[in-house]
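Working notes, structure below.
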Amino acid sequence: WNDVMPQILPLIAQLDRRYKSLQSSRSNWERHWQELADFMLPRKADITKKRTQGDKRTELIYDGTAIHAVELLSSSLHGMLTSPSTPWFSMRYRDPSLQNDDMANEWLELCLDQMYQAFNRSNFQQEIHELYYDLVVFGTAAFYVEGDKEGLRFSCRHIAEITVAEDANGKVDTIYRKFKISARAAAQRFGEETLPAQMAKDFKNEPHKEHEIIHAIYPRGETKGRKAQNKAIASVYYHADTRQLLSEGGFDDFPFMVPRFVKDSVSTYGRSPAMNALPDVKMLNKMSEITIRASQKQVDPPLMVPDDGFMLPVRTTPGALNFYRTGTRDRLEPLNIGANNPLGLNMEEQRRNAIRQAFYVDQLLMSQGPAMTATEVLQRNEEKMRLLGPVLGRLQSELLQPLISRSFALLLRNGLLPAAPEQLQGQDIDIEYVSPLAKAQRLTDLQSMLRGFEVMMQVAEIAPVMDYLDDDKLVQYLVEVTGIPARVIRSNEEVRRLREEKAEQEAAQQEMQQQMMQAETAQKVAPLIKAAGAVD
């Protein structure tokens, strides 16, 4: 170890300087995140405050409207984007000629089935749900994807652990993750011989004592490491206090997805609906606290007690006896504080409605009222899709696309997907999103097309508008919009062959009918010819 120490220190020193620079630039964000978590996600309120496990975290909360709104929006995003009960993505070839190739489509669908099985066998659903909580509250989330011969593993990392940096295109390409690990776990992960002296000592005497580790992930070439030069992404673990290298490796592609709910052009971290709702949330909690105190004073009011007419102490328990001097007119009277509870409750309800609007609650839940027609339901869903459309676009580019691409690559490299046919080697594959939200957005186009058909059918009585429609392209469009699986769709070659067979059957049937008609005519004419011959 001592032989390579001079070679390692410059790398770790450079990485540590970058980490501290990035860490100092996010101090304002940390205070903001802490306040958001205190009021809306208390179980994750460990950013600037450090608390022990099991400690109560709801001491600032007097109204749970914001907490329930966060849960609703997080669950709705989960169900609309990555639902565990319905497919939420598919794949197709970029080359149009391969989209009608049965063998190519069957291989792609087999890969798709294997990917869904890998997702279902892993911890994907619980971790992706946690990611939506981070997005809704903090505006930024970090999702780690790794895999081996057993399958895929996912991990949503706490916002307090990660520090990120963007490249020139605004894409996150560098992550520093600071976390704690026990000496025993560090020895198992990195090897006992690589541990710093104090950690090695703790491994023998106090194996469960925790130490801080920093994991740096960045593009290869920005620093000079010692190993894994063939990997595009560098991965370096080092001890936070001693800055001693623990492990150096790499990844073929970036292992973290860092989606932002919304983001401006000058910030690295994203903003969230919770940030917009924070003033109303703080106001509502303060109003609720005051209303509770006012109600308590009305239910159990302060007492006005004369200074010399009663024998103290005054007893307020049920059935208690209070003694006063004979002949005095003084009495115990409650203090009228003049509280106006209806006004306070009305103001609280205004803040609750503002919070629900910030989290799209009105759009996500069908309002309780008279039954709606099917058209009204479709219009309501269309409105919902329009509101969440911009969010879907950013999540597709920063979360879903890199998530599916990395998962596909990991499964393929680990031999968990069938080998591609030789003619498919090097072919590009596009990802198509078929989640309930993506489908609903495309079904809006389908509804517009159906309305166009209605108009065209009416105009067809006076103009040949139907001649402009291509039947085959119309069917292909409907297959794409509705997401019908390729396994139940015939290829162009099969359709051509089927049409030829139908044409041959129709021709044979027409020929048979002509022969039958000729035979029938001959039967009718034969007696006439015979009669005419007899007359001659």
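Numbers for residues simply follow the sequence, beginning at 1. For the numbers below, each heavy atom of this structure counts, side chains included, while hydrogens, waters and symmetry mates do not.
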inquiry  = If I take atom CG from residue L15 and atom CG from residue L11, how far apart are they, to the nearest 0.5 angstrom?
reply    = 4.5 Å
remark   = One should read off an interatomic distance between H208 NE2 and E210 CD, to the nearest 0.5 angstrom, of 10.5 Å
task = Step by step, work out the side chain to side chain donor-acceptor pair (under 3.5 Å) result for T82 and Y132.
result = CA-CA 11 Å; T82 52; Y132 293 124; 2.9 Å; yes
key: Y360 and S76: side chain donor to acceptor below 3.5 Å   = no
note = Between the OG atom in S182 and the CZ atom in F203, the distance rounded to the nearest 0.5 Å is 9.5 Å
inquiry  = Working note: E398 + R260, criterion salt bridge (Lys or Arg N to Asp or Glu O under 4.0 Å); need CA distance, chi angles, decisive distance, verdict.
reply    = CA-CA 8 Å; E398 294 188 346; R260 280 73 61 92; 3.0 Å; yes
remark   = Rounded to the nearest 0.5 angstrom, the OG-CG distance for S407 and L412 is 12.0 Å
task = Could you check whether the rings of F251 and H215 sit parallel, tilted or perpendicular, using 30° and 60° as the cut-offs?
result = tilted
request  = May I ask you to check whether Y218 and Y19 place their ring centres under 6.0 Å from each other?
outcome  = no
message = Under 3.5 Å, is there a donor on one side chain and an acceptor on the other for S155 and R157?
response = yes
Those residues that, when tested against Y269, pass ring pair (Phe, Tyr, Trp, His ring centres under 6.0 Å) (two or more places apart) = W29, W33
remark   = Residues N414 and D148: closest non-hydrogen pair is ND2-O, 3.3 Å
query = Of the options K44, R43, K282, K49, which is the one that meets D38 in a salt bridge (Lys or Arg N to Asp or Glu O under 4.0 Å)?
reply = K49
message = Can you give me the closest heavy-atom contact between I214 and K178, atom names plus distance?
response = CG1-CG, 4.0 Å
query = Does the side chain of L416 come within less than 4.5 Å of Q114's, by heavy atoms?
reply = no
Test: D16 and K20 ion pair at under 4.0 Å = yes
request  = Please lay out, stage by stage, how Q401 and S405 fare under the test side chain to side chain donor-acceptor pair (under 3.5 Å).
outcome  = CA-CA 6 Å; Q401 192 275 334; S405 299; 3.1 Å; yes
message = Please enumerate all residues that pass ring pair (Phe, Tyr, Trp, His ring centres under 6.0 Å) together with Y144, with sequence neighbours excluded.
response = F256
key: Validation row: H211, D202 side chains within 4.5 angstrom (heavy atoms)   = yes
message = Can a side-chain donor-acceptor contact be found between Y176 and R18 if the only test is distance below 3.5 angstrom?
response = no
message = For F119 and F124, take the angle between the two ring planes, folded into 0 to 90°, and tell me which bin it lands in: parallel under 30, tilted 30 to 60, perpendicular over 60.
response = tilted
task = Could you tell me the separation between the CE atom of M257 and the CD1 atom of I404, rounded to the nearest 0.5 Å?
result = 10.5 Å
ask   = Is the count of non-hydrogen atoms from other residues, nucleotides or ligands lying under 6.0 Å from R57 atom CZ greater than 12?
value = yes
query = Does Q34 reach the main-chain N or O of I47 with its side chain, forming a donor-acceptor pair under 3.5 Å?
reply = yes
